[in-house]
Amino acid sequence: MTKFLLVVHVLAAIVAIGPVTVAASMFPPAARRALASPEDPRAVETVLLLLRICRAYAVVGVAVPVFGFATAKNMGVLGDTWLIVSIVLTALAAVVLVALVLPRQTAMAEALEERRVAESTDSGGGDAATTTAVTTATAPTLTPRATVRLAMFTGQFNLLWAAVTVLMIVRPGSTTGA
């Protein structure tokens with residue numbers, strides 16, 4: 001049973017965490033491209049797609065610690081230092097994703113979408129004041145500086161997962177063999 005749980009745990013990590021780390025890393029440059037090219041509808045569509053990937057795989061990613069705990073329990077290593085550190089780092093990664101990365105991605109994607117809608121309305125004979133109001137309302141979340149800040153939080157998320165991966169492979173002090 002331990003081998004089965006370990007295989008599911010590793011597969012869940014590859015299938016769930018991998019796409020989140022890649023899509024989250026691609027999001028800030030994609031948002032900068034969309035910001036720089038307001039006339040390009042594909043740029044905004046890319047940002048929206050990356051946000052959907054991050055959200056969906058973040059939910060699927062819950063399977064990683066669930067199967068990790070089950071595996072650790074079966075292996076009898078729940079009290080090992082390397083595992084406790086991994087659990088803490090995993091919890092920190094989850095907090096960074098849920099509290100810092102996803103909300104900023106959502107705000108940027110919504111601001112880009114609002115801007116796209118306002119510009120399409122404006123080009124169709126809409127009100128220029130509406131476009132100005134949307135741009136002013138979304139300005140704090142839709143700046144190159146905000147994308148850099150998001151990239152920083154995304155990098156922290158990725159580094160936390162890299163550290164967890166190293167601990168899972170090396171297992172310093174483990175008596176179960178490496």
Side-chain angles (χ1 to χ4, degrees), residues 5-37 40 42-72 75 77-78 80-113 138 140-174 176 178:
L5 291 171
L6 182 58
V7 166
V8 174
H9 171 63
V10 170
L11 286 175
I14 292 167
V15 170
I17 305 306
V20 172
T21 59
V22 171
S25 296
M26 292 173 66
F27 190 97
R32 281 191 290 276
R33 276 191 299 280
L35 185 60
S37 304
D40 183 7
R42 293 191 70 203
V44 175
E45 291 167 4
T46 299
V47 168
L48 295 173
L49 174 64
L50 292 170
L51 175 61
R52 282 193 304 273
I53 290 169
C54 289
R55 284 179 176 168
Y57 283 98
V59 172
V60 174
V62 172
V64 176
V66 168
F67 283 100
F69 274 112
T71 303
M75 291 175 68
V77 294
L78 277 175
D80 286 8
T81 304
W82 66 270
L83 185 64
I84 293 168
V85 171
S86 294
I87 291 167
V88 169
L89 293 176
T90 298
L92 283 172
V95 167
V96 168
L97 182 65
V98 171
L100 300 173
V101 174
L102 290 176
R104 282 172 172 77
Q105 286 181 340
T106 301
M108 284 182 193
E110 288 173 353
L112 286 166
E113 184 65 15
T138 60
T141 60
L142 193 56
T143 63
R145 183 178 170 103
T147 64
V148 170
R149 191 172 296 115
L150 174 61
M152 176 190 69
F153 292 132
T154 301
Q156 291 171 350
F157 170 75
N158 291 344
L159 283 173
L160 287 166
W161 273 114
V164 169
T165 302
V166 168
L167 285 171
M168 290 289 137
I169 293 169
V170 176
R171 301 183 305 178
S174 174
T176 60

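Every value quoted in this text rests on a predicted model; they were computed, and no experiment measured them.
- Residue L92 holds its CG atom at 12.0 Å from CZ of F157, rounded to the nearest 0.5 Å.
- Residues F27 and L150 have side chains in contact (heavy-atom distance under 4.5 Å, counting atoms from C-beta outward).
- Taken from CG in L35 to CG in L112, the straight-line distance is 6.5 Å, to the nearest 0.5 Å.
- The local environment of CZ in F153 is crowded, with over 12 non-hydrogen atoms from other residues, nucleotides or ligands closer than 6.0 Å.
- Here the closest heavy-atom approach between residue N158 and residue S25 is recorded as ND2-OG, 2.7 Å.
- Using a 4.5 Å heavy-atom cutoff, the side chains of W161 and L89 are not in contact.
- Summarising the geometry of V77 relative to L83, their closest heavy-atom pair is O-CD2, 3.3 Å, with the distance given to 0.1 Å.
- Counting only distance, with no hydrogens or angles, the side chain of S37 and the backbone of D40 share no donor-acceptor pair below 3.5 Å.
- At a threshold of 4.5 Å between non-hydrogen side-chain atoms, the residues I87 and P65 do not count as touching.
- Residues Q105 and L102 meet the side-chain proximity criterion, which asks for heavy atoms closer than 4.5 Å.
- Residues I14 and P19 approach most closely at O-CD, 3.5 Å, considering heavy atoms.
- The minimum heavy-atom distance linking I17 with G61 is given by the pair CD1-CA, 4.2 Å.
- Put simply, the side chain of M108 does not reach to within 4.5 Å of the side chain of V47, judged on heavy atoms.
- Separation of atoms OG1 (T165) and CG (L160) is listed at 10.5 Å; rounding is to 0.5 Å.
- Atom CG of L142 sits about 12.0 Å away from atom CZ of R32, to the nearest 0.5 Å.
- Distance CE/M75 to CG/L5: 10.5 Å, rounded to 0.5 Å.
- When all heavy atoms of P28 and T147 are compared, the closest pair comes out as CB-O, 3.5 Å.
- Of all heavy-atom pairs spanning A109 and L51, the tightest one is CB-CD2, 3.6 Å.
- No side-chain heavy atom of M152 sits less than 4.5 Å from a side-chain heavy atom of V148.
- With values rounded to the nearest 0.5 angstrom, L167 atom CG is found 12.0 Å from I84 atom CD1.
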Worked check of side-chain contact (heavy atoms from CB on, under 4.5 Å) between F69 and L78 = CA-CA 8 Å; F69 274 112; L78 277 175; 3.9 Å; yes
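- With hydrogens and angles left out, the side-chain atoms of T106 and R55 include a donor and acceptor closer than 3.5 Å.
- Crowding of M26 atom CE: a count of heavy atoms from other residues, nucleotides or ligands under 6.0 Å not exceeding 12.
- Put simply, the side chain of W82 does not reach to within 4.5 Å of the side chain of V170, judged on heavy atoms.
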